[in-house]
Amino acid sequence: MNRLKKRWNISSNWQLVSILIVFAITGFSSLQVAKPFLSLIGIPETFQPHWLYRILRLVLIFPIYQVLLVFIGFVFGQFTFFWNFEKKMLYRMRLGFIANFVDEKILKK
């Protein structure tokens, strides 16, 4: 636990526990949100071929997870940690322009 706290630059055990809870809730929630979202855009669970449905769902889960991570982190009072975590991930995927846009236009940094 101490290595995680040092790596993530956090000081309290409560903050570490809340961060781990956010990761757990976000993972489960993204799985639950993806299925109805696919149905909403006209791709039911009975879509054939079924392997394509699974691939579409996996592709959809990724952006849903990213948005929910920041939102649920905000609800748990850990917005700064998760926004920095998200920015690092976006830069690694060469999508840093999204992080820059949000910082400049929405967060007004």
Side-chain angles (χ1 to χ4, degrees):
M1 291 286 210
N2 287 330
R3 284 196 303 182
L4 261 182
K5 286 169 47 176
K6 185 177 180 182
R7 181 178 180 194
W8 288 344
N9 196 24
I10 55 176
S11 55
S12 71
N13 288 336
W14 163 246
Q15 189 176 11
L16 178 62
V17 168
S18 70
I19 288 169
L20 293 175
I21 289 171
V22 168
F23 278 123
I25 291 171
T26 303
F28 179 75
S29 300
S30 64
L31 292 173
Q32 299 305 312
V33 170
K35 187 187 292 186
F37 189 79
L38 280 172
S39 294
L40 182 70
I41 60 174
I43 303 173
E45 193 171 1
T46 58
F47 183 79
Q48 291 297 325
H50 198 66
W51 61 268
L52 183 57
Y53 173 81
R54 294 288 177 206
I55 291 173
L56 290 171
R57 188 168 177 206
L58 286 172
V59 168
L60 184 63
I61 286 171
F62 184 72
I64 290 172
Y65 180 85
Q66 304 310 316
V67 172
L68 285 177
L69 187 64
V70 175
F71 176 74
I72 295 172
F74 172 77
V75 170
F76 275 75
Q78 300 297 326
F79 175 79
T80 304
F81 173 82
F82 284 104
W83 177 240
N84 290 333
F85 188 87
E86 189 65 34
K87 283 195 297 188
K88 189 186 306 184
M89 191 179 311
L90 287 169
Y91 281 114
R92 286 180 180 163
M93 294 184 315
R94 307 278 191 243
L95 298 172
F97 64 92
I98 296 172
N100 293 336
F101 176 80
V102 171
D103 274 345
E104 291 172 9
K105 302 293 183 185
I106 297 174
L107 299 178
K108 308 268 192 234
K109 286 187 177 182

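- Atom CG of Leu52 is separated from atom CD1 of Ile43 by 7.5 Å, given to the nearest 0.5 angstrom.
- Of all the heavy atoms in Ser39 and Pro44, the pair that sits closest is OG-CA, 4.2 Å.
- Distance check: Glu86 CD to Tyr65 OH gives 9.0 Å after rounding to the nearest 0.5 Å.
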Verdict with reasoning, Asn13 to Lys5, per side chain to side chain contact (heavy atoms under 4.5 Å, CB included)
CA-CA 8 Å; Asn13 288 336; Lys5 286 169 47 176; 2.9 Å; yes
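- Criterion: ILVMFWY side-chain heavy atoms under 4.5 Å apart, direct or through other members. Under it, Phe74 and Val102 are part of a common hydrophobic cluster.
- Ile72 and Thr26 make their closest contact through CD1-OG1, 3.7 Å (heavy atoms, listed as atom of the first residue, atom of the second, distance).
- Here Leu31 contributes atom CG and Leu58 contributes atom CG; the two are 9.0 Å apart, rounded to the nearest 0.5 Å.
- Under the 4.5 Å side-chain heavy-atom criterion for grouping Ile, Leu, Val, Met, Phe, Trp and Tyr, Leu68 is connected to Met89 within one hydrophobic cluster.
- Note that the CG atom of Asn100 and the NZ atom of Lys105 stand 11.5 Å from one another [nearest 0.5 Å].
- Leu38 is not listed as a side-chain neighbour of Glu45, based on a closest heavy-atom distance of 4.5 Å or more.
- Within a 6.0 Å radius of CE in Met93, other residues, nucleotides and ligands contribute more than 12 heavy atoms.
- Nearest approach of Tyr91 to Ala99, heavy atoms of both residues: CE1-CB, 4.3 Å.
- Expressed to the nearest 0.5 Å, how far CD1 of Ile106 lies from CD of Glu104 amounts to 11.0 Å.
- Counting non-hydrogen atoms of neighbouring residues, nucleotides and ligands closer than 6.0 angstrom, the CZ atom of Phe85 reaches no more than 12 such neighbours.
- Residue Leu4 is grouped with residue Val22 when hydrophobic side chains (ILVMFWY) are merged at heavy-atom distances under 4.5 angstrom, including chains of intermediate members.
- Grouping the Ile, Leu, Val, Met, Phe, Trp and Tyr side chains by contacts below 4.5 angstrom, directly or via other members, places Phe81 with Met1.
- Between the side chain of Ser18 and the backbone N or O of Gln15 there is at least one donor-acceptor pair closer than 3.5 Å.
- Of all non-hydrogen atoms in Phe82 and Val70, the two that sit nearest each other are O-CG2, 4.2 Å.
- Taking the side chain as every heavy atom from C-beta outward, Ile61 and Phe37 never approach each other to under 4.5 Å.
- With hydrophobic clusters built from ILVMFWY side chains whose heavy atoms lie under 4.5 angstrom apart, Leu60 shares a cluster with Ile55.
- To the nearest 0.5 Å, atoms CG (Leu56) and CD1 (Ile41) are separated by 7.5 Å.
- Side chains of Phe97 and Leu95 form a contact here, defined as non-hydrogen atoms less than 4.5 Å apart.
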